[in-house]
Amino acid sequence: MIGANLIKEAREGSLRLFVILVPMTIFIVAAAASLIDLDGFFAVAQAMNDWILATFSSLISWAVFGFVLTCGAVVVSPLGKVKIGGANAKPILKPWSWFSITLCTTIAIGILFWAMAEPLFHLYDPGGAGRGLEAASAQAQQFSLVSLFMHWAISPYAIYTVAALTFALAYHNLGKPYSVSGPFIALIGRPLPNALAAILDAAILLALIMGMAASLGAGMLLLSGGVANLTGLQSGPIMLASVALAIGIIVLVSSLTGLMQGIRILSVTNAWFFFIFLGFVIVFGPTLEMLQQGSQAIVGYVSEFVDRSLMIGAASDDSEWAKSWTIFYFANWLAWAPVTAMFLGRIARGYSVRAFVLVNLILPALFSMIWMSAFGVFAMETDLGQAGLLKESLDATGPESVLFRALEELPVSSLMIPVLLLLSFISYVTAADSNTEAISQICKTHTHAMTEADEIEPSAPRLKIIWIILLCLMAWIMVAFSGIDGVRMLSNVGGLPALFVVLGLQVCLIRMMFQSKALNQAAIASPSRPSEP
């Protein structure tokens, strides 16, 4: 029934078959290949992953550093005063709701999964042999925190900010279509050829589903680890399949029941949880060590930022380590950026460009640095103080178990762990909501500007069902039979095509810096949307 209805819609011209079928085919072939010949599939995937890292790691690192510089230039330029949507535009969302949605859409479940596991990796392998640091030393702790800042703060949020701001101005101020190709139309002054636009959107859709599968895989591992911690059951393929099924159902129901209101409520709830959870860990954890080591790490982060961003100077000695960690993270963020940018740009109407940079880059990056200082120091101090307690858990069952094992060292852990499981669920659903909606919008043929109904009502439910099933299946195959390595490969592969798209969006944004007067006088691109009550 679903397939027949999709065929009917395609014949009527309301669906973009090329954009749908190319990424979907690649995705299905990959899933089938992994089931038929798992070893052969991962040999090919590993070869692709190695090739991407060997060929494009320098380009990725230099590009991300360029995005940071571009964000700084935008803030001090006349473009910073421009209001998104035109001089008379009114905000859709109140500031706190806007920040909450932005934070939860971008951070998803990753900050929960990696906050305590990643610092342990760096503590015992501080930059590889090139750094010459002793494992589990004070210098290794410093290296670990600075690495967390590199992977979760300014640089990755600059990727999102460049892409989202470009889309926001093209869509709201210049009246360009709601698609990845919209800003490029503004750049060249005429519509892209249909074939080129289709190839662009298909590549971005492939990047997004690879990134979503990677994030879903991390969420499955985290949730299965929490269930195992609570029940004593072993986390394996069956439990992972159950978690994947539950996530798929919740994401599907959420994505089919309206957009802005549900996401706003989920995000505000989720953001409050993040702050409460962070405060709990700071108060009951090693507070003084968090303040001391976090402050030292900030100084180290600033002093090493250029070298580690570009893999030059002292950082050139650990370039192989950086490919496995820093470039992996940048590729992961790149995979999500173009399509997530469509959502982030859409909800920013009524605010200035400088406010956009504040809410999409500075505030989330600051929050992330505080979060990583608290959880990173707590994990490392707990492990060093208890003879490798968390490292033993990491080696035995993987990163998914570390957070829950660490929480057992805090008061009322029996209450905190179930609450954390529930909110981990909400974290992924919050991020997946906007992206499943974006997937359906990319797959549709838009013959007119999006109306108020288009923006509020869920679109293409049959496509969402198919994509969510495929995403859950692929993520389950990867994590059930290869663990976190499969997730890492998916992220790198998905980030490659997105890299070139975000570079193109950067060029569009730089050109807009010289059109600030025209942009500020522009009328709102599409019909008036309702504001938050």
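The minimum heavy-atom distance between Ser368 and Ala153, with the atom names listed, is OG-N, 4.5 Å. The two residues Ile84 and Phe356 come nearest to each other via the heavy atoms CD1-CD1, 3.7 Å. The minimum heavy-atom distance between Lys90 and Arg349, with the atom names listed, is O-NH1, 2.9 Å. Pairing each heavy atom of Ser155 with each of Tyr301, the nearest pair is N-OH, 4.4 Å. Nearest heavy atoms, Ile204 versus Ala498: CD1-CA, 4.1 Å. Of all heavy-atom pairs between Phe167 and Ala341, the closest is CD2-O, 3.8 Å.
A search for side chain to side chain donor-acceptor pair (under 3.5 Å) contacts involving Ser181 returns Ser179, not counting sequence neighbours. Judged as a side chain to side chain contact (heavy atoms under 4.5 Å, CB included), and not counting sequence neighbours, the contacts of Ser352 are Arg354, Ala355. Applying the side chain to side chain donor-acceptor pair (under 3.5 Å) test to Thr326 and every residue at least two apart in sequence or in another chain returns His151. Residues satisfying the ring-ring contact (aromatic ring centres under 6.0 Å, His included) criterion with Phe275, sequence neighbours excluded, are Phe367. Leu473 is linked by a side chain to side chain contact (heavy atoms under 4.5 Å, CB included) to Trp476, Ile477, counting only residues two or more places apart in sequence or in another chain. By the side chain to side chain contact (heavy atoms under 4.5 Å, CB included) test, Leu196 is found to be paired with Leu192, Pro193, residues two or more places apart in sequence or in another chain being considered. Every residue meeting the side chain to side chain contact (heavy atoms under 4.5 Å, CB included) condition with Ala297, not counting sequence neighbours, appears here in chain and number order: Gln142, Leu145, Val146, Phe149. In this view, Trp62 satisfies the ring-ring contact (aromatic ring centres under 6.0 Å, His included) rule with no residue, not counting sequence neighbours. Residues passing the ring-ring contact (aromatic ring centres under 6.0 Å, His included) test with Tyr351, sequence neighbours excluded: Trp98. With sequence neighbours excluded, the residues forming a side chain to side chain donor-acceptor pair (under 3.5 Å) with Asp50 are Gln46, listed by chain and number. Residues meeting the side chain to side chain donor-acceptor pair (under 3.5 Å) test with Gln515, sequence neighbours left out: none. A search for ring-ring contact (aromatic ring centres under 6.0 Å, His included) contacts involving Tyr157 returns Trp333, not counting sequence neighbours.
Atom CG of Asn194 has 12 or fewer heavy atoms from other residues, nucleotides or ligands within 6.0 Å.
Remark: side-chain polar atoms of Asn360 are not paired, donor with acceptor, to backbone N or O of Val162 under 3.5 angstrom. Judged purely by atom type and a 3.5 angstrom limit, Ser57 has no side-chain atom pairing as donor or acceptor with the backbone of Ala54. Although no hydrogens or angles enter the test, the distance criterion places a donor-acceptor pair under 3.5 Å between the side chain of Thr166 and the main chain of Leu505. When atom types are taken as modelled, the side chain of Arg264 and the backbone of Ser97 share no donor-acceptor pair closer than 3.5 angstrom. With Ser77 contributing its side chain and Val74 its backbone, the two residues share a donor-acceptor pair below 3.5 Å. Using modelled atom types, one side-chain atom of Gln506 and one backbone atom of Gly66 make a donor-acceptor pair closer than 3.5 Å. Side-chain atoms of Ser100 come within 3.5 Å of backbone atoms of Trp96 as a donor-acceptor pair (strictly under, hydrogens ignored). Side-chain N or O atoms of Asp201 include none that pairs as donor or acceptor with a backbone N or O of Val19 at under 3.5 Å.
Taking 4.5 Å as the limit, every side-chain heavy atom of Pro95 sits out of range of all side-chain heavy atoms of Val359. Pro23 places a side-chain heavy atom less than 4.5 Å from the side chain of Trp467. Contact of the Val75 side chain with the Cys71 side chain is not registered, since no non-hydrogen atoms from C-beta on lie closer than 4.5 Å. By the 4.5 Å heavy-atom criterion applied to side chains, Leu266 and Ile101 are not counted as neighbours. Phe273 places none of its side-chain heavy atoms less than 4.5 Å from the side chain of Ile276. A 4.5 Å side-chain heavy-atom check between Lys94 and Phe99 finds every atom pair outside the cut-off. Looking at Met150 and Ser309, their side chains come closer than 4.5 Å, going by heavy atoms from C-beta outward. Using a 4.5 Å heavy-atom threshold, the side chains of Leu509 and Leu165 count as touching.
In this structure, CG on Leu174 lies 5.0 Å from CE on Met512, to the nearest 0.5 angstrom. Residue Ile60 holds its CD1 atom at 5.5 Å from CD1 of Ile327, rounded to the nearest 0.5 Å. Atom CD1 of Ile249 is separated from atom CD1 of Ile468 by 10.5 Å, given to the nearest 0.5 angstrom. Within the model, atoms CD1 of Ile298 and OG of Ser373 stand 6.0 Å from one another, a figure rounded to the nearest 0.5 Å. Atom OG1 of Thr106 and atom CG of Leu344 lie 7.0 Å apart (nearest 0.5 Å). Interatomic distance, Cys508 SG to Ile185 CD1, rounded to the nearest 0.5 Å: 10.5 Å.
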Steps toward side-chain contact (heavy atoms from CB on, under 4.5 Å) verdict (Phe67, Phe330): CA-CA 12 Å; Phe67 300 151; Phe330 290 171; over 6 Å; no
Could you go through Trp325 and Glu118, starting from their C-alpha distance and side-chain angles, then the distance that decides it, and tell me whether this counts as side-chain hydrogen bond (donor to acceptor under 3.5 Å, both in side chains)? CA-CA 10 Å; Trp325 282 101; Glu118 185 183 341; over 6 Å; no
Is there a side-chain contact (heavy atoms from CB on, under 4.5 Å) between Ile466 and Met24? Walk through the geometry before answering. CA-CA 9 Å; Ile466 292 176; Met24 187 177 290; 3.6 Å; yes
Give the C-alpha distance, both sets of side-chain angles, the deciding distance and a yes or no for side-chain contact (heavy atoms from CB on, under 4.5 Å) between Leu79 and Leu169. CA-CA 10 Å; Leu79 184 64; Leu169 292 171; 4.1 Å; yes
Run the numbers on Lys81 and Val353 for side-chain contact (heavy atoms from CB on, under 4.5 Å), then give the verdict. CA-CA 6 Å; Lys81 298 179 181 179; Val353 168; over 6 Å; no
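Residues Thr55 and Trp51 have side chains that bring a donor and an acceptor to within less than 3.5 angstrom of each other. Side-chain N/O atoms of Arg308 and Ser147 include a donor and acceptor closer than 3.5 Å.
Ring pair Phe375/Phe277: centre-to-centre distance below 6.0 Å. Ring-centre distance between Trp371 and Phe274: below the 6.0 Å cut-off.
Ring pair Phe305/Phe65 is tilted by interplanar angle, where 30° to 60° counts as tilted.
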